[in-house]
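The structure appears right after this line, and notes come after that.
In this text the structure is predicted, and so the values were computed from the model without any measurement.
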Amino acid sequence: MAPTVAEPFSDSSALIDFVINQGNGVKGLSEMGLKALSKQYIQPLEERMCMTNVQAHDSIPVIDMSNPEDPEVTKSICEAASKWGFFQIVNHDVPVEVLKNVKDATYKFFALPAEVKNKYSKEHSSSNNVRFGTSFTPQAEKALEWKDYLSLFYVSEEEAFALWPSVCREQVLDYMKKSEVVIKQLLKVLMNGLNLHEIDETKELLLMGSMRTNLNYYPKCPNPELTVGVGRHSDVSTLTILLQDEIGGLFVRGNDSDNWIHVPPIKGSLVINVGDALQIISNGKYRSVEHRVVANGSKNRISVPIFVNPRPIDMIGPFPELIENGEKPIYKQVLYSDYVKHFFRKAHDRKKTVAFAEL
């Protein structure tokens, strides 16, 4: 039985060694039975979640996808992407069994011994496409985030079978494959909303030419009010498809204030959000929105996002058709890999990354 202690680490380097170098992650810290949060995880006051700022009666749209061609449904999707940047979908084409399997596989991966998970860390992984880590960008953060993750960048099924952890690879591949139908439905609707009625191969590659899935694990935390699961940020994706469990903890910035809206777990649903790439490509018609995850004092939480992205080699900027129709461009053309590098070289900082592409 691990000892119950307030601060078991003599200094910051001992904690970093345990959490990052040895691969224990915050899961390892949580399982030590800490009575108080290690100081490295205590966020500045302005980054902590103030529950008085939560809009109790507001919610992001929930859209029934049982008939995705229905004009009311397509209108709802475009309105949600323009106004909220976030919505949930129910009665979609991803089978409930596939969602259950990938959640189970997430728990199985994080239940592996630290030395096994650590084989996939930045220092030891055989590929940049498979990465086990903790927090967001530890070397750039003043305070660490209370989260562990496994990030899997999809190149091919052959590479996935060769490099991804066997405990979760088939379930993640199945989740990604089955989600593709929904992704294409959503992108078709959103492009129609921009009066772009044909997605040729070039556009499809730009919108969804690369995909990455994260398995996220947020262990229970001794002082959840002092830290964050994930800090305030917008995604760099075209779209993000998120499977969350029944615990809850995802918050989205409200439209017109400093208030936050909780995204309640709905059984069988997927949370969809617009990423920066789609905001840039749509010349601001669709908008990415800040979101964050709070830590939980009594339960472990998992989530499994699929990030649908342009390819690293793609230039992103407003679609030429929009500019030809007389719109003034808000964004310049930027290399997507440069945009992503800019995002990952700093701590989460609200929605400041998008300024990298502004004219």
Going by the rule side-chain contact (heavy atoms from CB on, under 4.5 Å), which residues pair with E246 if we only count those two or more places apart in sequence or in a different chain?
none
Kindly state each residue pair satisfying ring pair (Phe, Tyr, Trp, His ring centres under 6.0 Å) with at least one member in residues 59-80, sequence neighbours excluded.
none
Does the pair S269 and Q88 meet the rule for a side-chain hydrogen bond (donor to acceptor under 3.5 Å, both in side chains), with working shown?
CA-CA 6 Å; S269 74; Q88 295 206 66; 2.8 Å; yes
For F153, the hydrophobic cluster (side chain heavy atoms closer than 4.5 Å, chained through members) also holds V155
Which residues share a salt bridge (charged side-chain N to carboxylate O under 4.0 Å, His left out) with K103, sequence neighbours left out:
none
D314 vs R311, test: salt bridge (Lys or Arg N to Asp or Glu O under 4.0 Å). Steps then yes/no.
CA-CA 5 Å; D314 285 324; R311 296 168 304 170; 2.9 Å; yes
Residue list, side-chain contact (heavy atoms from CB on, under 4.5 Å) with I330, at least two apart or on another chain
N283
Walk me through it: do D104 and Q171 pass the test side-chain hydrogen bond (donor to acceptor under 3.5 Å, both in side chains)?
CA-CA 9 Å; D104 291 347; Q171 295 85 348; over 6 Å; no
Could you work out, with side-chain hydrogen bond (donor to acceptor under 3.5 Å, both in side chains) as the rule, every residue matching N273, not counting sequence neighbours?
D235
Residue E198 excluded, over 12 heavy atoms near CD under 6.0 Å:
no
Verify the neighbour count for atom NZ of K203: are there more than 12 heavy atoms of other residues, nucleotides or ligands below 6.0 Å?
yes
Residue pairs passing the ring pair (Phe, Tyr, Trp, His ring centres under 6.0 Å) test where at least one lies in residues 303-332, sequence neighbours excluded
none
By side-chain hydrogen bond (donor to acceptor under 3.5 Å, both in side chains) - contacts of N195 (at least two apart)
none
If you group Ile, Leu, Val, Met, Phe, Trp and Tyr by side-chain heavy-atom gaps below 4.5 Å, do F161 and V172 land in one group?
yes
Residues pairing under ring pair (Phe, Tyr, Trp, His ring centres under 6.0 Å) where one sits in residues 59-106, two or more places apart or in two chains, turn out to be F86-H291
Within 6.0 Å of CG in N128, more than 12 heavy atoms from elsewhere
no
Residues at least two apart in sequence or cross-chain that pass side-chain hydrogen bond (donor to acceptor under 3.5 Å, both in side chains) with N216, listed by chain then number, are S303
Would you please say whether a donor-acceptor pair under 3.5 Å links the side chains of S237 and N309?
no
Pairing residues for Y217 by the side-chain hydrogen bond (donor to acceptor under 3.5 Å, both in side chains) criterion, not counting sequence neighbours
N300
Checking one residue: V62. Which other hydrophobic residues are in its cluster under the side-chain 4.5 Å linking rule?
V90, I266
Quiz question: by atom type and distance under 3.5 Å, do the side chains of N118 and Q22 form a donor-acceptor pair?
no
